[in-house]
Amino acid sequence: DAKFHPSNSQVVSVSSDCNLCIWDITKNTFEITPSPNSTIVFPQIHKKQIYSVLYNNEGTKLLTASLDTSVRNLSLITNKNLSKYTSINCKINCILSSESLHDIIIGDSLGRLIFFDPINLKINKITKTANTEINSLAYNSKTHTLIISSMADYEISFFCLETEQICHKIKHVCSKCCSIDDVNNILYFDDGNEIAIYSIDTKLIVGILTGHTQHVNCVCCDTNKPILYSSSSDCTIRVWNLVTFECIKILRNNLLETTQ
């Protein structure tokens, strides 16, 4: 996984040797191994492979999730581990953090939402929202709702954080990733080889993006432009114009599938 933060012109990347690297994107050269334009921070902070990393809004902290079933809250100012959550009996599948949310929200393999307070180092609550594992989480700031994708349940659930209840479900969809356009209240999610465009206001699928030849693994809305990015097991990343719903660019990797 890799994430970019615009405030510091840096990319943080994770590798299979459990290292976190910070890359200065103002440099022209990128190398696979640590080089003068990259710095290893938090060497082997996890015991097993890191599969997800998130910046906070200010670009001063990182959230990491690992196959060692732990989530860590790391400071990029002091290079210290601020807090840690470890799951005892299940796998952590996804993590979510937002400026509007006090807690870090963790989705696990038992279908639970875990609300973890990174400041006081405690679990505030655990809520069961799916029959099987949660594959992805998204946050709709307009409705203060969590969007929970569960492939094995064949549904996407909308969890209201105020009432702590499931307020709506999209059924009969095999989705493991989703991305939300808060401005237009539109949800994009994978359904096999296709990407569904779902209106949260009307609760209807208003369009389908087709082009990938194998399962879509990740979708991501551009926060500044009407652009959607999607990656697939067909070894491509597609760039979609959300005004015309056309694919405007295809990035190909003929050797490896793109997962995130």
Side-chain angles (χ1 to χ4, degrees), residues 54 57 93-101 103 105 107 111-113 115 127-232 236-250 260:
L54 290 174
N57 292 306
N93 285 350
C94 48
I95 53 177
L96 177 68
S97 178
S98 170
E99 186 179 10
S100 306
L101 300 171
D103 294 332
I105 302 178
R112 303 180 304 178
L113 294 176
F115 295 79
T127 304
K128 177 82 169 176
T129 59
N131 295 322
T132 56
E133 64 180 346
I134 295 172
N135 297 100
S136 70
L137 292 171
Y139 175 62
N140 185 349
S141 60
K142 184 177 288 187
T143 60
H144 199 44
T145 301
L146 289 180
I147 298 158
I148 305 163
S149 175
S150 175
M151 277 188 72
D153 286 352
Y154 285 89
E155 63 185 23
I156 295 174
S157 301
F158 293 74
F159 181 79
C160 179
L161 289 169
E162 293 178 355
T163 63
E164 298 186 7
Q165 298 290 328
I166 299 289
C167 54
H168 178 60
K169 289 184 178 182
I170 308 173
K171 292 184 176 293
H172 310 300
V173 292
C174 185
S175 174
K176 66 176 179 180
C177 61
C178 59
S179 183
I180 189 165
D181 174 1
D182 266 346
V183 176
N184 298 302
N185 226 21
I186 297 291
L187 178 70
Y188 300 88
F189 61 87
D190 68 300
D191 192 7
N193 300 351
E194 301 175 335
I195 301 166
I197 306 169
Y198 182 83
S199 169
I200 296 174
D201 294 328
T202 63
K203 296 182 172 57
L204 293 172
I205 292 177
V206 295
I208 298 288
L209 302 179
T210 60
H212 284 296
T213 58
Q214 295 186 40
H215 205 292
V216 176
N217 294 320
C218 186
V219 290
C220 181
C221 288
D222 193 305
T223 56
N224 298 314
K225 295 173 287 187
I227 296 292
L228 182 79
Y229 307 93
S230 62
S231 67
S232 165
T236 68
I237 296 172
R238 288 179 177 257
V239 184
W240 306 86
N241 183 321
L242 294 181
V243 177
T244 63
F245 299 123
E246 294 177 327
C247 178
I248 57 176
K249 186 174 289 188
I250 302 175
Q260 290 196 27

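The structure displayed is predicted, hence computed values, not measured ones.
With values rounded to the nearest 0.5 angstrom, Leu187 atom CG is found 8.0 Å from Tyr198 atom OH. How far CG of Leu146 is from CD1 of Ile105: 4.0 Å, rounded to the nearest 0.5 Å. Taking NE2 of His144 as the reference point, atom CG of Leu161 lies at 4.5 Å (rounded to 0.5 Å). Rounding to the nearest 0.5 angstrom, the gap separating the NZ atom in Lys169 from the NZ atom in Lys203 is 14.5 Å. Remark: Ile166 CD1 to Ser157 OG distance equals 4.5 Å, nearest 0.5 Å.
Remark: side-chain polar atoms of Asn241 are paired, donor with acceptor, to backbone N or O of Val243 under 3.5 angstrom. Side-chain N or O atoms of Lys171 include none that pairs as donor or acceptor with a backbone N or O of Tyr154 at under 3.5 Å.
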Audit row: Tyr188, Asp181, side-chain hydrogen bond (donor to acceptor under 3.5 Å, both in side chains) steps and yes/no | CA-CA 8 Å; Tyr188 300 88; Asp181 174 1; 4.6 Å; no
Stepwise side chain to side chain contact (heavy atoms under 4.5 Å, CB included) check, Tyr139 with Ile147 = CA-CA 6 Å; Tyr139 175 62; Ile147 298 158; over 6 Å; no
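With sequence neighbours excluded, no residue satisfies side-chain hydrogen bond (donor to acceptor under 3.5 Å, both in side chains) with Ser179.
Residues Arg238 and Ser230 form a side-chain contact, since some pair of their non-hydrogen atoms from C-beta on lies under 4.5 Å apart. Counting only heavy atoms from C-beta outward, the side chains of Leu228 and Leu209 approach each other to under 4.5 Å. Using a 4.5 Å heavy-atom cutoff, the side chains of Thr236 and Thr213 are not in contact. Phe159 is listed as a side-chain neighbour of Glu164, based on a closest heavy-atom distance under 4.5 Å. Using a 4.5 Å heavy-atom cutoff, the side chains of Phe158 and Ile170 are in contact. Residues Ile200 and Ile180 meet the side-chain proximity criterion, which asks for heavy atoms closer than 4.5 Å. Two residues are said to be in side-chain contact when any heavy atoms from C-beta on lie closer than 4.5 Å; Glu194 and Val216 fail this criterion. Residues Ile195 and Trp240 form a side-chain contact, since some pair of their non-hydrogen atoms from C-beta on lies under 4.5 Å apart.
Applying the side-chain contact (heavy atoms from CB on, under 4.5 Å) test between Ile156 and each of Ile148, Asp191, Val173 identifies Val173 as the sole match.
Sorted by first then second residue, the ring-ring contact (aromatic ring centres under 6.0 Å, His included) pairs that include residues 201-220, not counting sequence neighbours, number zero.
Closest of all the heavy-atom pairs between Asn217 and Ser232 is ND2-C, 3.4 Å.
Atom NZ of Lys249 is surrounded by 12 or fewer heavy atoms from other residues, nucleotides or ligands within 6.0 Å. Under a cut-off of 6.0 angstrom, the local environment of NZ in Lys225 is sparse, with at most 12 non-hydrogen atoms contributed by other residues, nucleotides or ligands.
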Quiz: residues 131-138 side-chain donor-acceptor pairs under 3.5 angstrom, not counting sequence neighbours:
{"residue": "Thr132", "atom": "OG1", "partner": "Ser150", "partner atom": "OG", "Å": "3.2"}
{"residue": "Thr132", "atom": "OG1", "partner": "Asp153", "partner atom": "OD1", "Å": "2.8"}
{"residue": "Glu133", "atom": "OE1", "partner": "Asn93", "partner atom": "ND2", "Å": "2.9"}
{"residue": "Asn135", "atom": "OD1", "partner": "Met151", "partner atom": "N", "Å": "2.7"}

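Counted by atom type alone, Asn140 and Thr145 present zero donor-acceptor pairs between their side chains at under 3.5 Å. Under 3.5 Å, the side chains of Ser175 and Asp190 contain a donor-acceptor pair of N or O atoms.
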